[in-house]
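Worksheet: one structure, shown below.
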Amino acid sequence: MAKTLNVSILGYGMMGTVRAVAYEAVTRYYPSCPIKPTLYQAFTLESEAAAAKESGWDAKSDLDAVIKDSGCDYIDVCLPNAMHYDAVMKAIEAGKHVFCEKPLAVSAQQAREMTEAVEKKPELLNAVNFIYRRCPSNVYARKLVKENKFGKLIEARSFYNQSWGGPDTPYSWRFGKTGGTLGDLGSHALDMLYYVTGMRPIELCAMQWTHITERWDPKTVGSDLAARMNRGSDANKGEKVKVETDDATRIMYTLPGGAIGSLECTRNAWGTENTHGYELYFENGAIRWCYDDVNYLSIYDASKPERGWARVLTNRGGKDFAYQSFADGHMYGYRDFTVNACYENMLKIAGADEEAPVATFRDAYDVERTIDAVRTSWENRTWVKLADFT
Ligand code: SOE
């Protein structure tokens, strides 16, 4: 019989709701999971309280009380980025396992303090929701690179592009200092590069761009969704707020072993709803993945006489591919990856060996260091060394 673990979720926006569903599904997808997560309490921001209550939560508004509640074993932080630091530090202090939405923090310094604090308590889970690690295609890509299938890495290209950041989208925390595209989307692309290749940049050079410098004040145009659905209509008559962060970022970098790479992220590329992916070029072949075709990994083996891309279905379970599938090719999606993430966290707490390692605070700290380096590079219009950012 699985041991139960009481999970409290902080924040009930998109991430909080997806996570609540996922915890409930863990032992249904994976009946052998040694720990059964059970929903305990939710803290909600004022704007989220009604939806949380309707979905069955006894939603609380006292953040500290939810974190410290003695019945809670595990805190899942799904709050806006700027609130992660305080909530996580309090959860560590209270001796709770912590799973935090990405980006872990809003600066490398915060991430370092959080990492150091949690590493003093090795009995606690410290994990960050770099969700795309939980897609079987990426677990498979990592395995191919680890096995040195195609030799030395020569070039890398990563991208994470979306299209919802047009001029009609009103201001929200995502357009404030702590909510930019680099932290939101670029952090995923960086973690994916680090996860699949095991490498971090040595030097980098970056540019960051704000296409839309002022946005509608949500107080005068209504909620984000209402305003977006009213594109071009009267909803767009209101006050404007100054944007304080990037709409788009580009990075060029060098990697250990002589490889080079580039990374792009934007919220302003029409047609790319959630186009996250990478291309890795090795001495003897290549690997390509994109969320648009999420259940497949493309591989190119240059040693084969019949050259061409093989589109490998990774949603099939069995010994070669991670995670369970109900039946081969019954395609996976975002909610399934979230179940896998919550499942991996339970395995880690139970001390099981991991096939697809959880992103730790230290991994997320590396991402934050890179983000700081990118900002400095653009501010000073210069190449920087990652080692100088701690
Ligand atoms: C932004 O649009 C967003 O919801 C990110 O915040 C998530 O991290 C990403 O997985 C999907 O897009």
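Only heavy atoms go into these numbers, but all of them, side chains included; no hydrogens, no water, no symmetry mates. As the structure lists them, so they are numbered: ligands from 1, and atoms in each ligand from 1.
Those atoms of ligand 1 with a heavy atom of D184 less than 4.0 angstrom away are 1 (C), 5 (C), 6 (O). Taking a cut-off of under 4.0 Å to the non-hydrogen atoms of Y132, the atoms of ligand 1 that pass are 9 (C), 10 (O), 11 (C). Here is the list of ligand 1 atoms found below 4.0 Å of a heavy atom in M15: 7 (C). Residue Y160 has at least one heavy-atom neighbour below 4.0 Å for each of these atoms of ligand 1: 9 (C), 10 (O), 11 (C), 12 (O). Per-residue contacts place Y334 under 4.0 angstrom from the following atoms of ligand 1 (heavy atoms of the residue considered): 10 (O).
In this structure, Y132 has its ring center closer than 6.0 angstrom to the ring center of Y291.
When the side chains of ILVMFWY residues are joined at heavy-atom separations under 4.5 Å, either directly or via intervening members, F150 and L280 end up in a single hydrophobic cluster.
The protein non-hydrogen atom at the shortest distance from atom 2 (O) of ligand 1 is Q162 OE1, 2.7 Å.
One finds a salt bridge joining K102 and D184 here, because a Lys/Arg side-chain nitrogen approaches an Asp/Glu carboxylate oxygen to under 4.0 Å. With salt bridges taken as basic N to acidic carboxylate O contacts below 4.0 Å, one links D293 and R311.
At least one heavy atom of K102 sits closer than 4.0 Å to an atom of ligand 1. Residue-ligand proximity: H188 is placed with a non-hydrogen atom under 4.0 Å from ligand 1.
When heavy-atom distances to ligand 1 are checked against a 4.0 Å cut-off, R174 comes that close only through its side chain, counted from C-beta outward.
At least one side-chain heavy atom of W57 sits less than 4.5 Å from a side-chain heavy atom of S55.
Of the options D58, D69, N6, a side chain to side chain donor-acceptor pair (under 3.5 Å) to Y40 is made by D69 and by none of the others.
For the pair R142 and Y195, the distance from NZ or CZ to the six-membered ring centre is under 6.0 Å and the angle to the ring normal is within 45 degrees.
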